[in-house]
Amino acid sequence: MTPVPVLLTCEAGLLGTAVLAVLIARSNRSTPVVYGASLIFCTIAFATALAYLATGLPSTDAPVLVLPIGLPWLGSHFRLDALAAFFLTVINLGGVLSSIYALGYGRHEQTTHRVLPFFPAFLAGMNLVILADDAFTFLISWEFMSLASWALVMAHHHDARNLKAGYFFIVMASFGTLALLLAFSLLAGLSGDYGFTAMRISEHTPLTAGLVLVLLLLGAGSKAGLVPLHVWLPLAHPAAPSHVSALMSGVMTKVAVYGFIRVVFDLLGMPAWWSGIVVLIIGSGTAVLGILQALMESDLKRLLAYSTIENIGVIFVSLGLALAFKANGMGLAAALALTAALFHVLNHSFFKSLLFFGAGAVLTATGEGDMDKLGGLIHRMPVTSVVFLVGCVAISALPPFNGFVSEWLAFQAILQSPTVPQWGLKILVPAVGGLLALSAALAAACFVKAFGVTFLGRPRSTVAEQAVEVDRFSLSAMSVLAALCLLAGILPGIIIDGLAPVTLSLIGERMPVQTDIPWLSIVPVAESRSSYNGLLVFLFTLFSASLTAYLIHRFASRWLRRAPAWDCGFPEISPATQYTAGSFAQPIRRVFGTLAFRVRESVDMPAPGDLRPARFAVETHDLIWEGLYLPITGAVGFAAEKLNHLQFLTIRRYLSLVFLALVFLLLVLALWS
């Protein structure tokens, strides 16, 4: 049986599970049945996609299936090539681990009837987007995915913050779909053929290509979280249940990345060199602003959501480099940049899902997401603490974990920029490299804060003091992801070679074969330039840490001495005197806050003898929200208020308006023709 029917059967099974969930949602057995069925179907789809990717078949041999549904003259086309197989692997691996996690986490869900029907439907929608091979099927699947995820965001609708998150989510989703619809209309042209095969072989003018690129950045960028279209993401991702947050942040944003790659690298043809500049500027700005916003946060899930914006920026920086190199005929450099982007897609799905699972475990154990009310959890949740630490190290791009490899590959691609002929790129790319290095350093600081304030120190509240470890399903899912973060970091050559069919189909080039290099090293371009060996770094780190621990225990004093910590002259130390999330970020806030957030700090210090407590306040502003979205909201409200008078007109005036509108449209048609 060919892979496409197998995959579509799995999607049908997920949709059937969604229908079953509606019927049994209030049953005591509903949680294991729905998540168990989702686990089975995602496992089959994951194995099928991975097996196809491993075959390395060229895109010309990609299997296609046409079903007699959809537009009457078109039908629904489904196709599996290397690019689709890679993203299906990412999606369904995320679905497998989220289903395992939810088998334990879902027991604590109070509104299962609002979550269970939409979880498998959400998974099915993401899979169908990847398999779609015509614009109509793609957009229908895209909207289905958006609506299912919106329903999951609204699962806890009794919270006013979630209502706000759901509203912004659906508005931005509708805006993104409109942009994609316009992009596909331009690609279809006057022939009106909405099949991807016809779009792929069509010639597109530079103006059409430029408009499609802008519309893709608006449509796919709004779903991915590119600045300034990111405002919904830090609201919606924390509002959903944690296993759904992991899917939205670690997987759904990658569906948007897939949409961008599919159109810009596949359907649009050879890109213009300036398109790389546009994507590079947007990607680097997204990376820096996203991680700065994360540093300012004290809510753990909002911090992780803002961090997703930063990682999406890193991915788009690599895609911008790939566009610039491809336009200049630099095939090997373009393959390197595209490999870095795809590798980071996979890596981010690993460590961001792990971190959201860890945040969900903390919420389950304490009921609290504010880091300033946590602390000391390393003693009460040791396994969660260790795997969360792995995720923090991986997302901070520190070796030997996977985050380092993909960002290192991106920097290796940046180092290829001096050979591009355009001076604009020669100047811009090093500046983008500096911003990427800044975002990596800020990410490390951000996750030192996230782990330290949440898990170290002493409990800052009763709920943190009484926390207990979570269930074995949740721990198993987190442990698997932690192991994947390590394996992808010490064996990156296997993944790089596995991505070769994708780069061959889109760029026409691939990176050199990595698994033939001794000692599992990776050499992106040539040994004279650079190489990396994650396995040796891991062994050296393990040996050094073990030797240090042995020497300390062997030669340190054997006398055990315990004494209270120095109290700075105060007889009783309160946990409130520890560093908070805000105080940890204060130095960085003072450096970047004035420019990025228009931060104002005020101190109310009472005079000597005055018994009033001193007060410190920080005022921050979201400049994008206040400068872009608030004026638009105000203009829409003003226009709606003025147009509201139209509903009170007489029949005569309504007919006059219809007549004038008809005359205007006829004039437009006459001038157009």
Side-chain angles (χ1 to χ4, degrees), residues 172 175-176 179-180 182-183 209-234 253-265 268 271-294 305-327 334 337-338 340-342 344-345 348 406-407 410-411 413-414 417 420 422 424-425 427-440 442-443 592 595-596 622-625 627-629:
M172 294 303 295
F175 170 78
L180 290 175
L182 294 175
L211 289 174
V212 169
L213 176 66
V214 172
L215 290 169
L216 258 292
L217 287 171
L218 294 174
S222 63
K223 184 70 72 179
L226 286 178
V227 172
L229 305 170
H230 67 290
V231 292
W232 66 272
L233 193 148
T253 54
K254 310 311 179 303
V255 177
V257 173
Y258 164 81
F260 182 85
I261 295 175
R262 173 62 74 192
V263 174
V264 175
F265 284 85
L268 202 53
W273 68 269
W274 55 263
S275 61
I277 291 181
V278 175
V279 179
L280 281 169
I281 292 174
I282 294 175
S284 57
T286 298
V288 174
L289 188 61
I291 199 61
L292 282 175
Q293 289 275 20
Y306 274 118
S307 170
T308 294
I309 297 171
E310 182 251 343
N311 282 276
I312 290 296
V314 172
I315 292 169
F316 272 85
V317 165
S318 298
L319 292 177
L321 289 170
L323 281 174
F325 293 144
K326 181 180 179 182
L338 184 58
L342 297 175
H344 203 71
V345 164
H348 185 250
S406 52
E407 294 205 25
F411 281 110
I414 288 172
S417 63
V420 297
Q422 296 86 9
L425 285 169
I427 296 171
L428 176 65
V429 174
V432 169
L435 291 175
L436 205 60
L438 174 63
S439 67
L442 292 175
F592 297 100
L595 177 64
D622 189 335
L623 301 184
I624 293 177
W625 174 256
L628 178 62
Y629 289 94

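Values below: all heavy atoms of this structure, side chains included; hydrogens, waters and symmetry mates excluded. Here the structure is a predicted model, which means the values were calculated and not measured. The first residue of the sequence shown is numbered 1, and numbering continues consecutively from there.
From His230, atom NE2 reaches atom OG1 of Thr253 across 14.5 Å, with rounding to the nearest 0.5 Å. Taken to the nearest 0.5 Å, the CG atom of Leu229 stands 9.0 Å off from the CG atom of Leu217. Here the CG atom belonging to Leu435 is positioned 10.5 Å from the CG atom belonging to Leu442, to the nearest 0.5 angstrom. Of the inter-residue distances, the one linking Ile315 atom CD1 with Ile312 atom CD1 reads 4.5 Å to the nearest 0.5 angstrom. Taking CZ from Arg262 and CG from Leu216, the interatomic distance works out to 12.5 Å, rounded to the nearest 0.5 Å. For the atom pair CG (Leu180) and CZ (Phe175), the distance works out to 10.0 Å, reported to the nearest 0.5 Å.
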Please report the C-alpha distance between Leu233 and Met172 in whole Å, then the side-chain angles of each, then the deciding distance to 0.1 Å, and finally whether the side chain to side chain contact (heavy atoms under 4.5 Å, CB included) criterion is met. CA-CA 10 Å; Leu233 193 148; Met172 294 303 295; over 6 Å; no

Please evaluate residues Leu338 and Phe325 with respect to the criterion side chain to side chain contact (heavy atoms under 4.5 Å, CB included), reporting the C-alpha separation (whole Å), side-chain torsions for both, the decisive distance (0.1 Å), and the verdict. CA-CA 10 Å; Leu338 184 58; Phe325 293 144; over 6 Å; no

Mind running side chain to side chain contact (heavy atoms under 4.5 Å, CB included) on Val429 and Leu321 for me, showing each step along the way? CA-CA 8 Å; Val429 174; Leu321 289 170; 3.8 Å; yes

Show the numbers, then the answer: is there a side chain to side chain contact (heavy atoms under 4.5 Å, CB included) between Val420 and Trp273? CA-CA 10 Å; Val420 297; Trp273 68 269; over 6 Å; no

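A 4.5 Å side-chain heavy-atom check between Val264 and Leu319 finds every atom pair outside the cut-off. Residues Val279 and Phe260 form a side-chain contact, since some pair of their non-hydrogen atoms from C-beta on lies under 4.5 Å apart. Side-chain contact between Val345 and Tyr258: absent, with no pair of heavy atoms (C-beta onward) separated by less than 4.5 Å.
Of all the heavy atoms in Ala340 and Ser318, the pair that sits closest is CB-OG, 4.0 Å. Contact detail for Val227 and Ile282: the closest heavy-atom pair is O-CG2, 3.9 Å. Contact between Val231 and Pro234 at its shortest, heavy atoms only, is O-CD, 3.7 Å. Contact between Pro430 and Leu425 at its shortest, heavy atoms only, is CD-O, 4.1 Å. Heavy atoms only, all atoms of each residue included: Leu226 and Phe316 are closest at CD2-CD1, 3.8 Å. Taking each heavy atom of Leu268 and Ala209 in turn, the nearest pair found is CD2-O, 3.8 Å.
Of the residues Thr286, Leu628, Leu289, the one that meets the side chain to side chain contact (heavy atoms under 4.5 Å, CB included) test with Pro228 is Leu628.
Of the possible donor and acceptor atoms, none in the side chain of Trp274 sits under 3.5 Å from a partner among the backbone N and O of Gly424. No donor-acceptor distance shorter than 3.5 angstrom exists from the side chain of Lys223 to the backbone of Gly259, with no hydrogens or angles considered.
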